[in-house]
Amino acid sequence: MKKVITYGTFDMFHKGHYNILKRAKEYGDYLIVGVTGENYDIGRGKLSVHDTLATRIENVKKTGLVDEIIVEEYLGQKIGDLIRYNIDYFVIGDDWKGKFDHLSRYCEMVYLERTKGISSTELREKNFEHYDIGIICDETDDNEIVKEAKLVNGFEVRNVYSPDEEISLKFKEKYNIENIFYDCNSIIEASDIVYVRCTIEKRVDFIRKALEKGKHVIYDSPATFKTKELMELIELSKEKKVILMENIKMVHIYVFNQLLWMTQGGLIGDILSFNCSISKNDDARSNLFYDLSSLTLLPMLKIMGQDYQKADYMVTKDGEDIEFASMNFVYPNARAVINVGNKIRVDNQLEIIGTKATIRMKENWWRSKSFRIYKPGESDAELYNTNFEGNGFKYLIKAMSTMLKNERIESMGVFEDESIKIVEILEEIEKTN
Ligand code: C2G
C-alpha cells in the first residue's frame, strides 16, 4: 500500500485545496492530511486564519478524499510524521517548490502546480471588514505598526499626520503610507482607528478628539499622568461605544499568559517578592519615564494585585525629566520593587520569587518570548517559550480585531481598573516630587 501525505491550513476551503487533495490521492492508496494547529500558525506568522481548526478539519473531511487527518502542531513535526506513518510520497503545492527538498531522504517529494486565480488570502480580503488606521505621531519611528498591521486581516495603516509637517512627509516616505494629512481633524475623519503615538503631554488631546468623532483609538501608554483625565477618556469611549486600547503589547503575547497562569494559579507557591526593572537611553522623547513605568507597573498589578498597604517612591531628576525612580510597594506578605531608569542604566529584568519556585525574564522582558523557572535543589531551569517575529504589535491588533468582531469595547488585556491604577501611581509620583 502506497501512503501519501500533504499539509496545509485549508482556511476558507476552496477549489485550489480540493484540487491538490484530489491529485495527492492519485499518488497512492492512502492519503493523510496534516492540518495546521492554531498555535503553529500563530508561530509562523499566519495570524489571519479565519476558520477554527475544527472547521478546517471538517472541510477537509467533507471532500471524502482523505483517509486520515492529523494536526500539525510544531515546526519540524513533518520529519517525525514521515517516519511514523511510513510515507511514500509527500505532495505539496509548487508555492513551496524546493523548500522541502531535504525531506527526499525519507520519501519522494512531489510539488504540484497551484490552482490559478484563487487563494484564501483573496477570499478573506473580499469577505471581511477593512479598517484603515491613521497614525498621529511626532517622530518618524512607527513602533512597527505599519508592518505588523498588514499581518492581520483587514487592517492597514493608510494615513499619517504630524503637527510637524516635515515629520509627516518623512514618515510617509519611510513607510510608504498612502495619505498624508495636514490637520488632525481630517486624519481622524478619514480613519477607522487612530493610533496616537506622541509624547505624553500631547496624547490626551488627540485621544479625546478621536473619541469625540466616534473613532477607535490605540494609544501609547500611559494616556496621561492625571487620573481625572484618564477617567474622562474612558467615559467618553463608553459613551461613543468605541475601543480605547492601551499600547502595552506584553499582555497580548502568549508567553505572558503562561506567566500569569503560573503566578496566579499558585504554581510557584506564595509570592514573596516581585522585582522588575527597565531603562532606556532615548534623548528624543521627553517624559519617557512615564512610558517605562507603565510597562513595569502593569505586570506588578496583575501578579501582585492592587491591595498593597504602603508605597514609597524615590525619584531623581535631570532638570524637569525624571532620570531614575525606585518604587517600593508593601503587600501583606510580600514586597515589590520597581526600578526605572531614563538615561541611567538599569539592567532589564523581571523576577518573581515564590515559595516553590522563582521565575526570571531577562533582557527585553516586556516583549519577551520566554521565561525560566528555577526550583530549589534543581540545577536546570524549566524553559517556557513561544516564537514570533517583530515586537508583538500584531497580537494587539489581532486582539482588537476580535473585540471588533464581538462588538466588545472593553479590553481584557489591560483591564480598566489596571489602567486607572497605573495612572494613579504616576500621579502620586508626579505630585510628591
Ligand atoms: N493550494 C493550491 N492552489 C491554491 C491554493 C493552495 O494548490 N490556489 C495548495 C497549497 O500549495 C498547499 C495546500 O493547497 O499545498 C494548502 O494550502 P494552504 O492552506 O495555504 O497551506 P500552506 O500555508 O501552504 O501550508 O505546514 C504547512 C504546509 O507547509 C503548507
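Remember, it's 1-based here, ligands and their atoms both numbered in the order they're listed. The basis for the numbers below is simple: all heavy atoms, side chains too, and nothing from hydrogens, waters or symmetry mates. A quick note: this is a predicted structure, and the numbers were derived from the prediction, not measured.
For atom 21 (O) of ligand 1, the closest non-hydrogen atom on the protein side is Thr9 N, 3.2 Å. Looking at atom 3 (N) of ligand 1, its nearest protein heavy atom turns out to be Thr115 N, 3.1 Å. If you check which protein heavy atom lies closest to atom 23 (O) of ligand 1, you get Lys46 NZ, 2.7 Å. Of the protein's heavy atoms, Gly93 N, 4.1 Å lies nearest to atom 12 (C) of ligand 1. Scanning the protein for heavy atoms near atom 11 (O) of ligand 1, the closest one is Asp95 OD1, 2.6 Å. At the shortest separation from atom 26 (O) of ligand 1 among protein heavy atoms lies Glu72 OE1, 2.5 Å. For atom 7 (O) of ligand 1, the nearest protein heavy atom (residue, atom name, distance) is Arg114 CA, 3.5 Å. Closest to atom 28 (C) of ligand 1, if we only count protein heavy atoms, is Tyr7 CB, 3.7 Å.
Glu418 has no carboxylate O lying under 4.0 Å from a charged side-chain N of Lys421, or vice versa, which leaves the two without a salt bridge. Remark: Lys116 engages Glu113 in a salt bridge, criterion side-chain N to carboxylate O under 4.0 Å. Ion pairing of Asp51 with Arg56 is absent here, as no side-chain N (NZ or NE/NH1/NH2) approaches a carboxylate O to less than 4.0 Å.
With a 4.0 Å heavy-atom cut-off, ligand 1 is reached by the side chain of His14 but not by its N, CA, C or O. Looking at Lys116 against ligand 1, nothing comes within 4.0 Å, counting heavy atoms. Only the side chain of Phe100 comes within 4.0 Å of ligand 1, judged by heavy-atom distances. For Arg44, every heavy-atom contact with ligand 1 shorter than 4.0 Å involves the side chain, none the backbone.
Close approach of ligand 1 to Ile118 is summarised as follows: ligand atoms under 4.0 Å from at least one heavy atom of the residue are 4 (C), 8 (N). Residue-ligand proximity, Phe10 to ligand 1, at heavy-atom distances under 4.0 Å covers atoms 16 (C), 19 (O). For ligand 1, the atoms sitting less than 4.0 Å from at least one non-hydrogen atom of Ile20 are 7 (O), 14 (O), 15 (O), numbered in the order shown with element in parentheses.
Across all their heavy atoms, Tyr27 and Arg23 have their closest contact at CD1-O, 3.2 Å. Listed here is the closest heavy atom pair of Tyr40 and Leu75: CE1-N, 3.5 Å.
A cation-pi arrangement, defined by a distance under 6.0 Å to the six-membered ring centre and an angle within 45 degrees of its axis, is absent between Lys3 and Tyr85. Remark: Arg360 is positioned above the aromatic ring of Tyr374, its terminal NZ or CZ atom under 6.0 angstrom from the ring centre and at most 45 degrees off the axis. Lys78 forms a cation-pi arrangement with Tyr7, by the criterion of a distance under 6.0 Å to the ring centre and an angle within 45° of the ring axis.
Taking 4.5 Å as the limit, some side-chain heavy atom of Asn391 sits within range of a side-chain heavy atom of Glu148. Within the 4.5 Å cutoff, side-chain heavy atoms of Leu426 are placed close to those of Pro222. Between Cys198 and Phe206, some side-chain heavy-atom pair lies under the 4.5 Å cut-off.
At under 3.5 Å, a nitrogen or oxygen of Trp96, whether backbone or side chain, sits near a nitrogen or oxygen of ligand 1.
At least one heavy atom of Lys78 sits closer than 4.0 Å to an atom of ligand 1.
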